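In the text below, chain A, chain B and the rest are named by the order of the sequence lines, each starting its count at 1. Quick caveat: nothing in here was measured; it's all calculated off a predicted structure.
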Number of protein chains: 2
Amino acid sequence: MGKPHDSLIPGTLNVLILKALSQGALHGYAISKWIQQASEDVLRVEEGVLYPALHKLEKERWLRAEWGVNDTGRRAKFYSPTPLGKRKLQAEVARWKRSSQAVSTVLDAEEA
Amino acid sequence: MGKPHDSLIPGTLNVLILKALSQGALHGYAISKWIQQASEDVLRVEEGVLYPALHKLEKERWLRAEWGVNDTGRRAKFYSPTPLGKRKLQAEVARWKRSSQAVSTVLDAEEA
DNA sequence: GGTGATACATAGGTAACATAGGTATCGCCC
DNA sequence: GGGCGATACCTATGTTACCTATGTATCACC
């Protein structure tokens with residue numbers, strides 16, 4: 001346990017979740033599906049990874065949760081970003097761009 | 001301990017090291033400086049992070065190490081990629097491109 | 001009644017990084 | 001001679017974050 005597959009880039013899950021919620025509340029399962037679909041099936045968020053992450057973000061006040069009912073009438077917990085979460089989204093996106101661009105630059109470098 | 005600053009994107013250190021060594025052997029301290037310089041000072045690899053990583057890569061036969069002397073006559077341990085390490089560099093660069101592109105695509109998505 | 005999708009959750013394992021220390025040599029400047 | 005910063009190596013400890021496995025329950029469908 002604890003390392004195979006490597007679907008996600010560590011440290012990117014929070015910002016992916018926040019992005020998923022940037023246009024409106026979604027429940028956990030839908031967040032997972034949205035990330036998978038928006039990444040054209042490259043990124044998969046296993047449920048054992050997603051739910052603890054959501055609980056943590058809720059505890060840290062990046063998200064708030066509310067029980068509701070989905071399209072098909074099933075109970076589900078809907079998450080929305082708090083004002084703090086919205087600010088964090090901006091900051092985390094900026095950080096990702098900066099860092100990932102730096103990594104790509106290094107990996108494209110001609111000479112070592 | 002264990003989380004502040006966030007200089008590195010977790011999971012990218014190995015490939016950055018391999019890239020640094022792709023044009024020839026370097027010693028640890030020079031690897032650190034090279035990554036910092038090639039990333040235009042965005043990425044910094046603290047020594048307490050670098051050296052354990054080098055030892056692990058050596059143990060896993062991605063790198064081999066040899067004591068030598070640097071330009072200025074000081075003793076230093078020089079690392080070179082093994083054939084396995086060269087293959088890993090290609091594979092890890094490809095994986096990075098695929099995954100980081102997916103994250104960027106998601107974060108640029110218009111609609112959630 | 002079985003299966004697969006939906007929807008939530010927790011438990012245990014491990015790797016990876018951040019921080020903080022520690023040793024030693026060398027050049028430079030006062 | 002003393003101090004300082006850069007070079008060059010190293011280990012120990014803490015914590016996060018992810019991976020896997022497993023569990024519950026509902027619902028549609030055949």
Side-chain angles (χ1 to χ4, degrees), chain A residues 1-17 20 25-37 43-60 62-63 65-79 92 95 99 103, chain B residues 1-17 20 25-37 43-60 62-63 65-79 92 96 99 103:
Chain A
M1 282 192 197
K3 74 92 63 88
H5 245 157
D6 290 311
S7 166
L8 287 172
I9 294 176
T12 62
L13 179 57
N14 289 350
V15 71
L16 291 171
I17 290 172
L26 290 176
H27 60 274
Y29 198 81
I31 293 170
S32 165
K33 294 300 172 196
W34 182 83
I35 292 173
Q36 186 172 336
Q37 171 264 320
L43 307 177
R44 288 164 187 263
V45 186
E46 299 302 327
E47 302 179 36
V49 171
L50 178 65
Y51 291 112
L54 289 173
H55 299 159
K56 181 150 190 284
L57 291 178
E58 186 186 1
K59 193 177 160 197
E60 291 174 354
W62 295 31
L63 302 181
E66 195 178 5
W67 282 101
V69 174
N70 75 356
D71 311 343
T72 62
R74 301 181 65 155
R75 117 193 194 288
K77 199 189 274 181
F78 287 78
Y79 290 91
E92 291 298 305
R95 196 163 72 83
S99 296
V103 172
Chain B
M1 283 192 197
K3 73 91 64 86
H5 244 155
D6 290 312
S7 166
L8 287 172
I9 294 176
T12 61
L13 179 56
N14 289 349
V15 70
L16 291 171
I17 290 172
L26 291 176
H27 60 275
Y29 198 80
I31 293 170
S32 165
K33 293 299 173 196
W34 182 84
I35 292 172
Q36 187 171 337
Q37 171 265 320
L43 308 177
R44 287 164 187 264
V45 186
E46 299 301 327
E47 302 179 36
V49 171
L50 178 65
Y51 291 111
L54 288 173
H55 298 159
K56 182 152 189 281
L57 291 177
E58 186 186 2
K59 193 176 159 198
E60 290 174 355
W62 294 32
L63 303 181
E66 195 176 7
W67 282 100
V69 175
N70 75 355
D71 312 343
T72 62
R74 300 180 68 153
R75 118 191 193 290
K77 198 191 274 185
F78 286 80
Y79 289 91
E92 291 297 306
W96 164 257
S99 296
V103 173

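- Residues B:Ile35 and B:Leu50 fail the side-chain proximity criterion, which asks for heavy atoms closer than 4.5 Å.
- Computed from coordinates, the B:Tyr51 OH to D:dT7 P distance equals 11 Å when rounded to whole Å.
- Each of B:Glu47 and A:Asn14 lies near DNA chain D, and the nucleotide nearest B:Glu47 is the one positioned closer to the 5' end.
- Using a 4.0 Å heavy-atom cutoff across all strands shown, A:Gly28 reaches sugar-phosphate atoms only and no base atom.
- Across the protein-nucleic acid pair, B:Trp67 atom CH2 and C:dT25 atom P stand 13 Å apart, rounded to whole Å.
- Put simply, A:Lys33 has no side-chain N or O that comes within less than 4.0 Å of OP1 or OP2 on C:dA5.
- The side chain of B:Pro52 sits closest to D:dT11 out of D:dT7, D:dT11, C:dC8.
- Rounded to an integer number of Å, the gap from CD of A:Glu46 to C1' of C:dA11 is 16 Å.
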Quiz prompt | Candidate pair B:Glu47 and B:Tyr29, rule side chain to side chain contact (heavy atoms under 4.5 Å, CB included), full reasoning | solution = CA-CA 8 Å; B:Glu47 302 179 36; B:Tyr29 198 80; 3.6 Å; yes

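- Out of C:dT25, C:dC17, D:dA25, the shortest distance to the side chain of A:Arg74 is found at D:dA25.
- One distance of note links OG1 of B:Thr12 with CD1 of A:Ile9; it measures 8.5 Å at 0.5 Å rounding.
- For the residue pair A:Tyr79 and A:Ala65, the shortest heavy atom distance occurs at CE2-CB, 3.5 Å.
- As rounded to whole Å, 12 Å separates atom P of C:dC8 from atom CD of A:Glu58.
- Within the 4.0 Å cut-off from OP1 or OP2 of D:dA17, at least one side-chain nitrogen or oxygen of A:Lys56 is found.
- Between A:Leu57 atom CG and D:dA17 atom P there is a gap of 9 Å when expressed in whole angstrom units.
- In this structure the side chain of B:Ile17 reaches within 4.5 angstrom of the side chain of B:Leu63, judged on heavy atoms.
- One can place CG of B:Leu54 at 14 Å from C1' of C:dA16, the figure rounded to the nearest angstrom.
- Between the C1' atom of D:dC10 and the NZ atom of B:Lys59 lies a distance of 16 Å, rounded to the nearest Å.
- At the heavy-atom level, A:Gly11 lies under 4.0 Å from the strands shown only through sugar-phosphate atoms.
- Separating the OH atom of B:Tyr29 from the P atom of D:dA6 is a distance of 8 Å, rounded to the nearest angstrom.
- Side-chain proximity of A:His55 to D:dC9, C:dT10, D:dC19: nearest is C:dT10.
- In this structure, of C:dC17, D:dC18, D:dC9, it is C:dC17 that holds the atom nearest to the side chain of B:Leu13.
- Nearest to the side chain of A:Val49, among D:dC18, C:dC26, C:dC8, sits D:dC18.
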